[in-house]
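Bear in mind that the values here come from a model prediction, so they are computed numbers and not experimental data. The chains referred to below are lettered A, B, ... by the order of the sequence lines, with proteins before strands, and numbering in each begins at 1.
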Amino acid sequence: MAWDTGLDKGSVAYGIAAAPEPRVRVIAGPGTGKSFAMKRRVAKLLESGIAPKEVLAVTFTRVAAEDLHRELQKLGTPGCEELEGQTLHSLAMRILSRKHVLEAVGRFPRPLNTFETKAMICDLAGDNGGKRKVKKLIQGYTAAWAQSQGDEPGFAKDGAEKKLQADLLDWLDFHQGMLIGELIPYLVRYLKDNPAAAEHNEFKHLLVDEFQDLNKAEQTAIAYLGAAAEVCIVGDDDQSIYSFKNAHPDGIREWKGIHPGCADLKMVDCHRCPTTVVEMANALIAVNKNRTPRALNALAVKGPGEVAIVQVPYLHNEAEWIKSKIEGLLSAGVHPSEIIILVQRAVAGKPILQALRVAEIPAKSYYEESQLDSETAQMRFALFKLFLNNEDRVALRYLLGSDVDDFRCKSYARVRKHCENSGDSPWQAMNKLVDDALTLAHTKPLVARFQLLTEALGELEAVKGDVQSFIDQLLPDGDDELAELRALALVQMEGAETPADLLTGMMQEITQPDIPPTVEEVRLMSLHKSKGLSSPYVFVAGCVEGILPPAFDPEWSKDEKDAALEEARRLFYVGITRVKADPENGRPGSLFISYPQQMTIKDAYGANVAFKTQSGPMANLLPSRFLNELGPTAPKAVAG
DNA sequence: GGGAGAGACGTTTTT
DNA sequence: CGTCTCTCCC
């Protein structure tokens, strides 16, 4: 298929696909067909003889990357199967793993699993004002990198920050690991410090989707990678919802000014939502002050759709209401995969998931526990890593203290000191301690722990020839805490000939779970996760003050509060524009917005929902202010 | 390294 | 409201 098959020459999509300028910015509202346009642009590039590996298509979330990847595969243009849609993080990981880059950067791109950072935090806590403080400072450290605007990014402001940064980098350097938050800053640093590096010219064309979700560091990475290339960015400042990682709608707004001569295109025809939803979305987003006025264009062929706003007495009634509504839909022939439920708090999602499960409606929650939630599972997983690589310092350090609250940080510090002075690795030092070739005061419990670990490793060694027995040894059947991890191992066992293959497969699935191309269930997820999706039946639940918008930190200034409020409004905007109208196939496009009057005080505290009054054990909730901002087309709220 | 009591804090996300 | 974390004491 030629790139312009069926494309009207006057259409924006044609303009985007064919834009000859080296810098192209596309502002595309929800449902306006930006992926379609991007796909055609890639097709045109390939047809003009650009090699697939010279085209970089990146986006921010894995779901979006996967989607883009699949879309690119479907192109049917020769070479399209070699195209990659990837996240900026995976690209950073790939580049930083190259030998010459590794040497230039001087860091090991071995990301820490979240549970492994617990040991690190304990080690840093003593000298840096406690665990809470350290956690905050670490966040600041990655944020400082991410906000990097000038030439000297990442410089700590005060003494405490400097101290933490120095200790943290020492720790990561010694343990040969890296925080995920460091991937992009180090990529930027590598590109900045090595202007002659081949990576600057690796791509001839960059296509960046969801640009509004990139923070300054990520934008800078794109700028370096694309300096010698043609760059097309696509996004929507009205859908910028990642301020907590320092992404800001101004990023995409300012981009045009930074690149003179940049082609600037807008997609405003909403080919997804029913007209009522488009009008509601327009009314809602127009309330935001810090924004260039712009409206989505409703298409009459989509029909008005069906919108309901429902208030129920208690949180569990909301679940019941949604469940019965869904039962009705399913019996009318709707497939579960056509339904998505958006909730911004896990507590609001739990009763809904439970109600669906009880009613035997296939449902999948993106809030559900993962394989590494239990401590036992974390330890076994770390043990697995250590088994395959005794010199995995992060895994060893974690395991040496994972059975006690303080991670034995004091005695471990003595071992580390010895290592730094002698050049021994922690594994070597621990073995010397066991063999009495080395003595260090106050390390007895640590050595005892190490001996337990080596015993466990020995037991694994004995069965490593057979993957099934290996799994039975590492993740024995019948342990509830290991059940999920074991199930994962058994799935990954297929095609794994050695424990090493098995770990690779499990790592892959844990850190970047496969996103199945087809879904069979009703999906329950956060508003953030819903970005990029669309569905004929969309429920937005838990629309109360304190969740949407979330409670404001009393420390915030008025500006900060306003910014948070506007972002929450954008989040709701993203949510309601997930509705897909397909009237020809009996799918008018249905949006159900619901909110409870009360929830238990416990739930309210747990979800950080601010409430003003209470009645017995229940907190009285206020309807989200956004419900009043949906304009005259929105239906009146009804009791459910 | 463990236990008791006081105080802080709670969301959304990226390999 | 519950859970985590810190401090103080043995």
Side-chain angles (χ1 to χ4, degrees), chain A residues 58-65 86-97 109-114 118 121-122 125-126 129-136 139 142-143 146 177-187 210 213-215 217-218 241-247 342-349 366-367 401 403-411 442 444-446 448-449 507-513 525-531 542 546-553 564 567-568 570-571 574-575 599-611 614 617-619:
Chain A
V58 282
T59 181
F60 163 58
T61 66
R62 252 188 23 255
V63 177
Q86 55 190 326
T87 63
L88 203 47
H89 280 81
S90 65
L91 175 73
M93 187 69 186
R94 219 181 60 203
I95 293 181
L96 290 174
S97 299
R110 187 275 194 208
L112 270 67
N113 282 106
T114 314
K118 285 189 290 184
I121 290 166
C122 276
K131 284 199 234 177
R132 273 200 183 106
K133 192 92 213 242
V134 165
K135 272 187 211 162
K136 256 206 180 107
Q139 209 170 6
T142 37
M178 202 170 205
L179 301 177
I180 292 160
E182 290 183 298
L183 281 169
I184 305 294
Y186 271 90
L187 172 64
E210 309 281 17
D213 290 338
L214 304 185
N215 62 33
E218 290 159 343
I241 53 175
Y242 285 99
S243 66
F244 59 80
K245 61 147 215 169
N246 302 299
L342 308 180
V343 281
Q344 198 54 6
R345 287 290 192 287
V347 278
Y366 289 68
Y367 286 107
D403 58 327
V404 287
D405 274 356
D406 71 346
F407 275 86
R408 298 194 177 85
C409 56
K410 289 215 172 91
S411 32
H442 305 292
K444 277 221 172 69
L446 196 71
R449 172 73 175 169
M507 259 313 239
Q508 174 83 24
E509 193 53 31
I510 286 170
T511 56
Q512 337 167 20
M525 66 184 82
S526 69
L527 290 161
H528 285 91
K529 283 229 171 75
S530 76
K531 184 132 90 178
I547 295 183
L548 262 175
F552 302 124
D553 190 325
E567 175 162 308
R570 293 193 290 266
L571 194 57
V574 167
M599 63 169 73
T600 61
I601 289 177
K602 177 174 166 264
D603 279 345
Y605 275 119
N608 203 20
V609 175
F611 59 94
Q614 60 184 82
M618 305 302 275

Nearest whole Å is fine: how far is [N] [atom2] from [X] [atom1]?
{"X": "A/Ile547", "N": "B/dT12", "atom1": "CD1", "atom2": "P", "result": "10 Å"}
{"X": "A/Asp213", "N": "B/dT12", "atom1": "CG", "atom2": "C1'", "result": "12 Å"}
{"X": "A/Leu187", "N": "B/dT15", "atom1": "CG", "atom2": "C1'", "result": "13 Å"}
{"X": "A/Arg132", "N": "B/dG7", "atom1": "CZ", "atom2": "C1'", "result": "8 Å"}
{"X": "A/Arg345", "N": "B/dT13", "atom1": "CZ", "atom2": "P", "result": "11 Å"}
{"X": "A/Lys136", "N": "B/dG10", "atom1": "NZ", "atom2": "P", "result": "7 Å"}
{"X": "A/Glu567", "N": "B/dT13", "atom1": "CD", "atom2": "P", "result": "12 Å"}
{"X": "A/Leu571", "N": "B/dT11", "atom1": "CG", "atom2": "C1'", "result": "10 Å"}

With a 4.5 Å heavy-atom cut-off, do [X] and [Y] have their side chains touching?
{"X": "A/Pro550", "Y": "A/Arg345", "answer": "yes"}
{"X": "A/Arg449", "Y": "A/Val404", "answer": "no"}
{"X": "A/Ser530", "Y": "A/Leu342", "answer": "yes"}
{"X": "A/Val343", "Y": "A/Tyr367", "answer": "yes"}
{"X": "A/Tyr242", "Y": "A/His528", "answer": "yes"}
{"X": "A/Leu548", "Y": "A/Leu527", "answer": "yes"}

Minimum-distance nucleotide to [X] side chain [options: [options]]:
{"X": "A/Asn608", "options": "B/dT14, B/dG10, B/dT12", "value": "B/dG10"}
{"X": "A/Ser526", "options": "B/dT15, B/dT13, B/dG2", "value": "B/dT13"}
{"X": "A/Arg408", "options": "B/dG1, B/dT13, B/dT12", "value": "B/dG1"}
{"X": "A/Tyr242", "options": "B/dC9, B/dG2, B/dT13", "value": "B/dT13"}
{"X": "A/Val404", "options": "B/dT12, B/dG2, B/dT15", "value": "B/dG2"}
{"X": "A/His89", "options": "B/dT13, B/dG1, B/dT14", "value": "B/dT14"}

- Report the residues that fulfil side chain to side chain donor-acceptor pair (under 3.5 Å) with A/Arg408, sequence neighbours left out, ordered by chain and then residue number.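 Partners of A/Arg408 by the side chain to side chain donor-acceptor pair (under 3.5 Å) criterion, ordered by chain and then number, come out as A/Asp403.
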- Task: Return no unless some side-chain N or O of A/Lys245 is found under 4.0 Å from OP1 or OP2 of B/dT12.
- Result: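 Looking at the OP1 and OP2 atoms of B/dT12, neither is under 4.0 Å from any side-chain N or O of A/Lys245.
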- Message: When the P atoms of C/dT5 and B/dT11 are compared, how many Å lie between them, rounded to an integer?
- Response: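 Comparing P positions in B/dT11 and C/dT5 gives a spacing of 13 Å.
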- Message: Counting the atoms with a prime plus P, OP1 and OP2 as sugar-phosphate, which does A/Lys410 contact under 4.0 Å by heavy atoms, base, sugar-phosphate, or nothing?
- Response: nothing
- Query: Which part of the nucleic acid does A/Thr600 contact within heavy-atom distance under 4.0 Å: base, sugar-phosphate only, or nothing?
  - Reply: nothing
- A/Phe244 vs A/Leu446, nearer the 5' end of DNA chain B by closest nucleotide: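 Here A/Leu446 is the residue nearer the 5' end.
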- Query: On DNA chain B, nearest-nucleotide positions of A/Ile180 versus A/Gln139: which is more 5'?
  - Reply: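 Per heavy-atom nearest nucleotide, the more 5' residue is A/Gln139.
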- Query: What residue among A/Leu96, A/Leu88, A/Leu214 forms side-chain contact (heavy atoms from CB on, under 4.5 Å) with A/Ile184?
  - Reply: A/Leu88
- With a 4.0 Å cut-off (strictly under) to non-hydrogen atoms of chain A, the first and last hit nts on DNA chain C, 5' to 3', are C/dC1 to C/dC6
